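Right, one structure below, let's go through it.
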Amino acid sequence: MTETSSTRAADGADSADRADRADRADRADRADSEEQEAPPSRLRRLMRYLPLIAPVLLWAVPCWVLLYTGQHWPLPVTVTGTALFALGLVGMPLALVHGHGRRQRDRAAILGDTLLGGVWVLFTWSVLLGVLLRLGLSLAGAGDGQDRARTVTWAVLGITAVLLAWGYAEARRVPRVRRLDVQLPRLGAGLDGTRVVLITDTHYGPLDRARWSARVCETVNTLEADLVCHTGDIADGTAERRRAQAAPLGTVQATHGRVYVTGNHEYYSEAQGWVDLMDELGWEPLRNRHLLLEHGGDALVVAGVDDVTAESSGLAGHRAHLPGALHGADPDLPVLLLAHQPQFVDRAAAHGVDLQLSGHTHGGQIWPFHHLVRLDQPALAGLSRHGTRTLLYTSRGTGFWGPPFRVFAPSEITLLVLRSPQRSTRSTTTS
C-alpha cells in the first residue's frame with residue numbers, strides 16, 4: 001500500500017511538471033507570435049529620426065562650444081574652424097552613404113566611420129566640459145570669461161585626442177580573455193568543468209583584419225575549449241568579400257565542436273552565404289536546431305536560433321524559432337542556447353533555458369552610447385539572471401562595428417567554465 005501511494009504521488013508530480021513545462025512553452029509560443037505585433041522599442045522609435053538630426057547636433061554643438069562661447073579667437077582661427085566643422089557635417093553622411101549603401105566602397109566607409117566615432121567623442125566631451133569645467137572654473141574664480149572659454153576648448157580637444165588614440169588601440173588589439181565559472185543547477189556531474197569559449201561580433205569589414213583574425217583564433221586555441229561558440233555578426237559585407245578575414249576561423253579547435261548562429265548584420269549581407277561559409281570552415285550552424293554535448297554519462301543540449309531580425313529579411317526559412325530549436329530534446333536536460341541579441345532572453349526563460357549566450361551590444365563600444373543600448377536590450381554586458389532558472393551571458397564583443405574605437409568598453413574573448421552543483425557537493429563531502 002505504501003508503494004502504491006508513492007507511485008501515485010510520483011506520477012502526479014511528474015504530470016504536474018509536464019503540465020508546467022507545457023504551459024511555459026505555450027506562453028512562449030504566444031510571445032513569439034505577439035512580438036511581431038508589439039510596438040517598437042523607444043530606441044527604435046528614436047532611431048527613425050536620428051539620421052536627420054544626429055549629424056547636425058554632432059557637428060554643430062562642438063563647433064559652438066569650442067569656437068563661439070566667449071573664446072574671441074582671431075578671425076582666421078574662427079573661420080578655419082567653422083569651415084572644418086561644416087566640411088565634417090557634409091562629408092560624414094556622404095562617406096557613410098557611399099561606404100555602407102549600395103556601392104559598398106570600403107575607403108568611404110573607413111572615412112565615414114572614423115569621422116562618426118571621432119565626432120561622437122568630441123560631442124560628448126564638448127557637452128560635459130562645456131558645462132562642468134566651465135562651471136568649476138567660474139566657481140573657483142579662475143581667469144576671466146575668455147580664459148575660461150579657451151581652457152574648455154583646449155581641455156575638450158586634449159581629452160578627445162587621448163581617448164581616440166587609446167580607443168583605437170583598444171579596438172585593434174587582440175581581446176583579453178575573460179574567464180568566469182557559471183553554475184548550472186541541472187548540469188550533470190560528468191559535465192562539470194566543461195569549457196565553453198565565446199567569440200562574437202567580429203565584424204570583419206572595410207579595415208582588413210585578416211592578421212587580427214588569425215591572432216584571435218590562436219588565442220582561442222590556447223584555451224583548450226570543449227565547445228567554441230560564435231553568436232553572430234561575423235562581418236559587414238558578404239561572405240565573398242570578407243572571406244580572407246573570416247578564413248582563420250577554420251583553424252579554431254574544440255574537443256566537442258564549433259557552433260554558430262546568425263546575427264542581425266548577416267541579414268544586411270546575404271546571410272545564407274555566411275551560413276554556407278561557416279559550414280565550409282567546419283562550424284556547425286545552429287539554425288533553429290540543437291545538438292548534444294555528452295561526457296561522463298551526462299548530456300547538455302546546445303541549441304541555437306536565427307537572429308530576431310531574420311524573419312523580416314525575407315530569406316526563406318530564416319526566423320528565430322526556439323520551439324523548433326528544442327524540438328526532440330529531452331526536457332530534463334540542461335539547455336545552453338545561442339541567440340545573438342540579449343532581448344531574446346524572455347523567450348528563453350519562458351522555455352526553461354538554463355544559459356543563453358549573446359553578443360550584439362558591444363558593451364556600448366564608445367561611452368556614453370552604453371545608455372542608449374540599455375533602452376533596447378535587457379543587459380549590456382556580463383552575467384545576469386532572468387526568471388527563476390535562466391542565466392544570460394552578454395559579451396562585449398570580440399571586434400568592433402563601424403568606428404574603429406572602443407572607449408570604456410573593452411573587447412573580449414570569453415571562457416565560461418560550466419559547473420555542476422552535484423560535482424561540487426560530492427567534492428566537498430569527499431574532502
Side-chain angles (χ1 to χ4, degrees), residues 41-44 170-171 175-184 195-203 216 220 223 225 227-234 259-266 286 302-310 320 322 325 334-351 353-402 406-419:
S41 67
R42 287 176 290 173
L43 180 59
R44 288 183 180 139
E170 281 286 298
R176 302 176 185 91
V177 176
R178 185 180 186 190
R179 172 186 170 139
L180 69 158
D181 289 2
V182 180
Q183 182 167 294
L184 301 181
R195 298 166 71 86
V196 178
V197 172
L198 171 61
I199 59 175
T200 185
D201 299 273
T202 42
H203 283 285
V216 166
V220 169
L223 300 179
L227 181 72
V228 179
C229 308
H230 194 307
T231 54
D233 278 9
I234 294 179
V259 291
Y260 154 75
V261 293
T262 57
N264 57 304
H265 278 248
E266 275 85 329
L286 294 181
V302 180
V305 293
D306 292 338
D307 184 62
V308 294
T309 61
L322 186 52
V335 177
L336 171 66
L337 174 68
L338 277 62
H340 178 65
Q341 298 195 40
Q343 65 177 247
F344 196 80
V345 75
D346 289 341
R347 281 183 258 181
H351 280 82
V353 167
D354 298 80
L355 174 62
Q356 175 179 316
L357 302 183
S358 298
H360 186 67
T361 69
H362 298 205
Q365 186 162 325
I366 304 177
W367 186 87
F369 198 75
H370 305 55
H371 301 295
L372 293 178
V373 174
R374 287 184 185 277
L375 296 176
D376 190 53
Q377 298 292 334
L380 182 69
L383 193 66
S384 56
R385 179 174 292 278
H386 302 263
T388 57
R389 175 188 293 172
T390 304
L391 295 174
L392 165 67
Y393 185 81
T394 306
S395 169
R396 291 185 300 247
T398 309
F400 62 86
W401 171 83
R406 274 188 171 269
V407 179
F408 305 134
S411 55
E412 65 178 82
I413 295 169
T414 317
L415 171 61
L416 301 105
V417 181
L418 306 186
R419 293 299 181 188

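We use all heavy atoms of the structure for the numbers below, so side chains are in, but hydrogens, waters and symmetry mates are not. Keep in mind that this is a model prediction, so the values were computed, not measured.
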Are any side-chain N or O atoms of Arg179 and backbone N or O atoms of Leu415, one a donor and one an acceptor, separated by less than 3.5 Å? no
Looking only at heavy atoms, what is the nearest atom pair of Leu383 and Tyr393, with distance? N-CD1, 3.8 Å
Output for pair (Leu336 CG, Leu286 CG), nearest 0.5 Å, gives 9.5 Å
Checking Gln377 side chain against Gln343 main chain: does a donor-acceptor pair fall under 3.5 Å? yes
Pair Leu355-Val196, side chain to side chain contact (heavy atoms under 4.5 Å, CB included): steps then yes or no: CA-CA 12 Å; Leu355 174 62; Val196 178; over 6 Å; no
Between the CZ atom in Phe369 and the CG atom in Leu380, the distance rounded to the nearest 0.5 Å is 11.0 Å
Considering non-hydrogen atoms only, spot the tightest contact between Glu266 and Val261 and give its length. OE2-O, 4.3 Å
Apply side chain to side chain contact (heavy atoms under 4.5 Å, CB included) to Leu391 and Leu184, showing your working. CA-CA 9 Å; Leu391 295 174; Leu184 301 181; 4.1 Å; yes
Taking all non-hydrogen atoms of both residues, which atom of Ala320 and which atom of Arg347 are closest, and how far apart? O-NH1, 3.8 Å
Val216 to Pro175 - nearest heavy-atom pair and separation: CG2-CD, 3.9 Å
Counting distance only, does the side-chain N/O of Asp201 pair as donor-acceptor with the main-chain N or O of His360 below 3.5 Å? yes
Taking Gln365 for its side chain and Trp401 for its backbone only, find out whether a donor-acceptor pair lies under 3.5 Å. yes
Check Ala379 against Thr394 and note the closest heavy-atom contact, atom names and distance. CB-OG1, 3.7 Å
For His340, run the side chain to side chain donor-acceptor pair (under 3.5 Å) check against Thr231, Asp306, Asn264 and tell me which one passes. Asn264
Return the OG1 to CD distance between Thr390 and Gln356, rounded to the nearest 0.5 Å. 8.5 Å
Between Arg406 and Gly399, is there a donor-acceptor pair closer than 3.5 Å when you use the side chain of the first and the backbone of the second? yes
Ignoring hydrogens and geometry beyond distance, is a side-chain donor-acceptor pair present between Thr202 and His230 at under 3.5 Å? yes
Is there side-chain contact between Thr414 and Thr200, with at least one heavy-atom pair below 4.5 Å? no
Correct closest heavy-atom pair for Leu337 and Val353 would be CB-CG1, 3.8 Å
Hey, could you give me the NE2/OG1 distance between His265 and Thr309, rounded to the nearest 0.5 Å? 9.0 Å
Determine whether Ser411 and Thr398 make a side-chain contact, defined as any pair of heavy atoms from C-beta on separated by less than 4.5 Å. no
How long is the span from the SG atom in Cys229 to the CG atom in Leu357, to the nearest 0.5 Å? 5.5 Å
Any donor-acceptor pair under 3.5 Å linking the side chain of Arg178 with the backbone of Ser395? no
Do any N or O atoms from the side chain of Asp233 and from the backbone of His203 form a donor-acceptor pair under 3.5 angstrom? no
Say whether, by atom type as modelled, one donor and one acceptor occur between the side chain of His386 and the main chain of Pro378 under 3.5 angstrom. no
Leu180 and Leu416: CA distance, side-chain angles, deciding distance, side chain to side chain contact (heavy atoms under 4.5 Å, CB included) verdict: CA-CA 5 Å; Leu180 69 158; Leu416 301 105; 4.1 Å; yes
Distance from His370 atom NE2 to Thr361 atom OG1, nearest 0.5 Å? 9.0 Å
